[in-house]
Structures are given as C-alpha cells and as structure tokens.
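Working notes for the structure below.
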Amino acid sequence: MFKEKTYCGEIIMDGQSKEVSLAGWVDRKRDLGGIIFIELRDITGIVQVVFDSSKSAENAKIADAAKSEYIIYVKGTVRKRSADTINPNLPTGDIEVEAHYIEILNKSLVPPFPIDIRDNISEEVSLKFRYLDMRRVTLRDAIIKRHLLMQAIRKYLVENRFHEIETPFLNKSTPEGARDFIVPSRLSKGEFYALPQSPQLFKQILMVAGFDRYFQIVKCFRDEDLRNDRQPEFTQVDMELSFVTPDMIIEIIEGLLKIAVKEITGLDAATPFKRISYTEAMSKYGCDAPDTRTDVELVECSDIFRDSEFNVFKSALAKGGIIKGLAVQDNGRISRKMIDDYTAHVRVYGAKGFPMFKYNNGVLEGGISKFISEKEKNEIVQRFRLTGQALIFFSVDDENIVNNTLSHMRIKIAEDAGLLDRDKFCFLWVTEFPLFEYDQTNKRFQSKHHPFTAPVQGDIEKLGNMTIKNVDEIKSQAYDIVLNGTEIGGGSIRINTTELQSRIFSILGISEEEAREKFSFLLEALKYGAPPHGGIALGLDRILMILLKRNSIRDVIAFPKTQSGQCLMSNAPSGVTDEQLKELSIKVITK
RNA sequence: GGGGUGUUAGCUCAGUUGGUUAGAGUAUCUGCCUGUCACGCAGAGGGUCGCGAGUUCGAGUCUCGUACACCCCGCCA
C-alpha cells in the first residue's frame, strides 16, 4: 500500500492526468458541505485533495471525520485546476488530487498550537512539543537545510581527499579549557570518563597514524553556562591535515564556506576573505571576533588627552587607563533618550560612564565638550576625520573594560544609526594570536588557543624570557574565522615535537608528572615520526544560525536544551535509581 | 554567581488609578453550506491570572519570596 506512495509536494502535472496515492497529515480542512478540501502535508509540502459528496458520499464522510493532524491515506487522480481556482500561494497550487479513496491511518489530539501557520509560539511550548514544531515550515526548513549543508560539506571534504574517522566520546578529562561533562565508569569504580570538548588529541594522533587529511562532523560537549549561540552539546566540523600551512587550511575552509553560503542562501560569497591580525582586531574593534558589517572603528585617543583638565579623563589616565572613541554619522537617528540608555547600558561591561559630544559642521558641542580644550577639539576633529555631522563616544578605563565596552557599543550604535547592513555576510580571518595570556585570577599563564598550538617559528627563542609584560609578543600559528561578529571556527598549526610540547606544558604549569598522566600517549606518539600538521574546527550550529538569520542556535537544532540545560521534552537531566548509583559506587550529597 | 524581561483561555496577546460577573483573535465543539484555499454564516463551551506569602474593606493590578523561560555580565573558543 505504501510502496506506490508519492510525495505531496512533488506532484506535478506532466501531460495527462494520473493516479497517485498519498499519505500524510491533515494540514487544513475546508468543509463546504457538499464538497470538502483537505490540504495534505508531508515532508515535501502540501497538496489539495478534493472530496465530492455527489461522487462518493462515503469518502466525503470519512474526510469530514478527519481532523487537523490526523494521518490519512488517499488515492486519487491528479488534475489541473481551472484557471479561476488556482492557488498562487502553493507550489502545487495549479493542480489538485480528486480522491476516490480515503482511509484514516491514525487520529491526533487537537494540537496545542497551529501547525499550518507561521505564528510565533513561545519557545517553552516549542521545546516541549518539539515533534509538532518540527512539522511547521520554519523549523522543518532549518533541519532540512542543516542536512543539506552536512551532505555538501562531506562531499567537498571527500573530494579534497579527507577521510571521515570517528573518535571516542568516552575519554579522559583534560586540564585547561572548559569544564568537562564527566561519566562514571562502572568497571573502574570511582573513575570517570569525560565527554570530549573537541577531538583534539585524537585527530593529532590520526596525523601520526598517517591519515594525512581527517574530518568528522561531531558532537562536542562543554559544561559552561549557555547563551543564544551556546549549547552544552554542539556540532563541529572538525578537521586536521598533515604537511600543511595556515594558508592551505584557510584556502580549504574558504572553499567550504563558499559552498555553505551557496547551499543555505543561494548567494556567492567572495573569496578570499579579509584577514587581520589579533593586534589589529583588538585595536580597531576591541575584540578578537569583530563584526565587519559596519565601518565604524575604534580610535585610540589617550595621547590627545594626555594633559586633559577633564577630571574623568585625567584620573583614568593617571591610573594607567586608556581612552578610545568611536564616531558615527547618525543622520539624526540617535536620540537623546537612546544616548541616556547607552550610558546606563555600558555599566554591564564594567564602564562607569559613556562620555560623548556632537560634531556639527566644525563645532564640537554638547555632552562633555565644555571640558575639552580647543587644542584637544582640533586633534579630535583630525583624528576622526570629522566632516558634516557626527556623534563621538568615548570609553575611558583600563584597557579591558574600554575594549569590552566599545566592541559591544560599536555594533549597537552602528545599528541604531542605520550603519549596519543586516543582509550582509562578512567573513573575516583573525590571525597571529598571542600564544599565551596571563590569568590574573590564578596568577599563571594559559594558552590562548590550546596547549598544542605551535608558536610562530621566530618566536620560539623568545619563550625563555617571557614575562607578564611581554607575553603578548609571542605569537602562535592560530587563526579564527569570524562571521558577522561571531567566531564560527578556529584552529592552528600544532606542535609536532616532544621537546617543544613539553616546554609549553612546563610554561603552563603542567608538571612533568601531570603531562605524563594526561598526555603521555601524545608525547609518546610525537616521538614516532609525527608529521607537521594543523587543523581547524567549525561550529556547524553557529554557521547555520547566521546564514539562516535565526536568533538562536536552538532554532537550527532538532532537540536543543534550555538555558538551564534542561530538555523540556524528555525532562533530562533527572535522578537515577539507588541501584544505578550503587553499581557505580556513587553517593549523591543533596544540597 | 550576578543583572534584566516575561508568565492571564489549548495558542498568541490586551487588561486603565487597586473596585461589579477577567476580555479579544484564533483553536475546539454543534448546526448550515458543492469550488474553497487563513472558506463563510449561526451558536456553545473553555480561566487556580505560574506558585506561596503579605498589604488592603477589596489584588490579574502593589510588596516580598519562589519556580520556569528568554536576554546579558562573569564563565566559555
């Protein structure tokens, strides 16, 4: 019976009328008394089925009994609609199926929300009734696009001589990076596996094993607080290559992302993508993942206000702070009220205020302009190359707060000023990251990327005299790919000698003993002819979210979790039986 | 760990200064209807105003606590 079934959305009129059999969900029903129209839906789309009571009263009666979301099986004749009954809003709107058989295969409760329209439903309801929301076009399309993207990526990578190889989920907990999800071991009581934050070590081992190009589309797990672009489990397009340079990897990824953009949006992305150094990104944009959909940039102004009489500037500079600013030609779009809101908002970034003034045809006025000397005003006009009309905002504090504040505010302000193009996709490579950063809280150096990242060749000799002050100067061979201000991937050339790897561990405060305990297999493997290698991982969920212009990563995941890590459909996580705990030798200490 | 917003009918939402019996659209149910396509028309049912305290003659509305969802900071690459 199902063998000859065709798909609703794929019925076309090719020549004369033909017989079809269909099975699907009742999307909508229009009962006009003597004639009943059912819009039948399956994964491909919708087709109108007609039941004429004058031809079969019995079929019409069954059709009448079929309610929203009932599953029906229909046989009928495909025919052209008359010109005046064509529905231009439906892809199959020029044909319909005249039914001569109908069977109700299963009933449905009244759905808690309408399936047939795009009306918003609350996310809570969506997550609880995920199987119903996935019947709706919006989510269904995202899931189908995700599938298409994954297939396109596989095809591309296989064509580029990559092997797809799986790596274990049950693995060892490693220091550094995010908090691990841990899994108790029954066979080794009191011991735990950790779910991978990424397949990092295993893919490097695969390089030593001689698989010179590896990839995997794989789940990764990080037990950290969630955001709209962060889930506890997420999917990476993970890859690693031997005998490779950063330029080669960048070229391969540009090819891959070009295909992704084409597959999802139909647009052609221009390659090569722009590249900037980490240092330039921090200076111009205040963050390492800048959104380049707007030209608004941060401008260093500390030197201009070196002798400022304005107390706010003076005291901040005296404490070793910096002053950066940004100028926007807002064409009157930004109101006094919005500026007040900005001032309140910057507090979340740790800023104490958000000083500003206006530039109007040669005159600096309003805001803090009365505290600024003529000389300083002239320098501001020159530094920002002001013409016409503009608003100039400043942040003054220690460097981290200034960059944090302005990197966020430049986007908000540019958007409010109409200077951010929402329809653009702006890719950007960020390169030359520092190898380490100093962790003020724990008073130690840590890897900016991860401990297996290779330093730039010429900087290896500087490792010996690294201090908190010059830690920035030692660069790594790491690169991040950014799309519209979101990091969608990152990678590096790896260390491939035991000597250098051990040295990096020791700088990170990982003792020889600990290194042996955690990574002995890697250190050992590096001794057996480890090829030069490097790789990258792309965040599949984020790429989809941005290309599909969805607000959240959850909108491109079939079964996502809430911000508190709950699955509202299955109610995970949940307790386990005492028996299970006993088997694992685990005791739960209730808070 | 911290800040913000929200929670009213199955769903989406309105609800004024604290004041009579808490509304709308949609969905559902019943009846009518042979070319609809968000079909139409007539009627009906549907509420622990998230939960718990408090203030008050009186609380959907004010206060406090709490739960959940979302956004953000910290955290996370």
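So that the names make sense, note that chain A is the first sequence line, chain B the second, and so on, each numbered from 1. Heavy atoms only: backbone and side chains are in, while hydrogens, waters and symmetry mates are out.
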Could you check which of B/rC72, B/rA77, B/rU34 has an atom nearest any side-chain atom of A/Ser54?
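Selected nucleotide: B/rU34.
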According to the 5.5 Å centroid and 30° plane-angle thresholds, does A/Phe113 stack upon the nucleobase of B/rC11?
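No.
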Distance between the C1' atoms of B/rG2 and B/rC75, in whole angstroms?
12 Å
Taking the same atom, C1', in B/rC11 and in B/rU28, what whole-Å distance lies between them?
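That atom pair is separated by 11 Å.
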Please determine whether any donor N or O and acceptor N or O are separated by less than 3.5 Å between the side chain of A/Arg230 and the base of B/rC75.
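A donor-acceptor contact between them is present.
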Can you find an N or O donor on one side and an acceptor on the other, under 3.5 Å apart, linking the side chain of A/Arg222 with the base of B/rC76?
no
According to a strict under-4.0 Å criterion, is A/His345 in side-chain N/O contact with OP1 or OP2 of B/rC73?
no
If only side-chain N and O atoms count, and only distance matters, is there a donor-acceptor pair under 3.5 Å linking A/Asn228 with A/Ser552?
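No, no side-chain donor-acceptor pair sits under 3.5 Å.
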Does A/Ser53 reach a base, just sugar-phosphate, or nothing at all? Heavy atoms under 4.0 Å.
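It contacts base atoms.
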Just to be sure I understand the rule, does A/Arg81 reach a base, reach only the sugar-phosphate, or reach nothing, if contact means heavy atoms closer than 4.0 Å?
base
Whole-Å distance, A/Leu568 CG to B/rC70 P, equals 7 Å
Using whole Å, what does the distance between atom C1' of nucleotide B/rC39 and atom CD1 of A/Ile36 come to?
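A/Ile36 atom CD1 is separated from B/rC39 atom C1' by 13 Å.
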Does the plane of the ring in A/Phe445 sit parallel, tilted or perpendicular to the ring in A/Tyr438? Use 30° and 60° as the thresholds.
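A/Phe445 and A/Tyr438: perpendicular rings.
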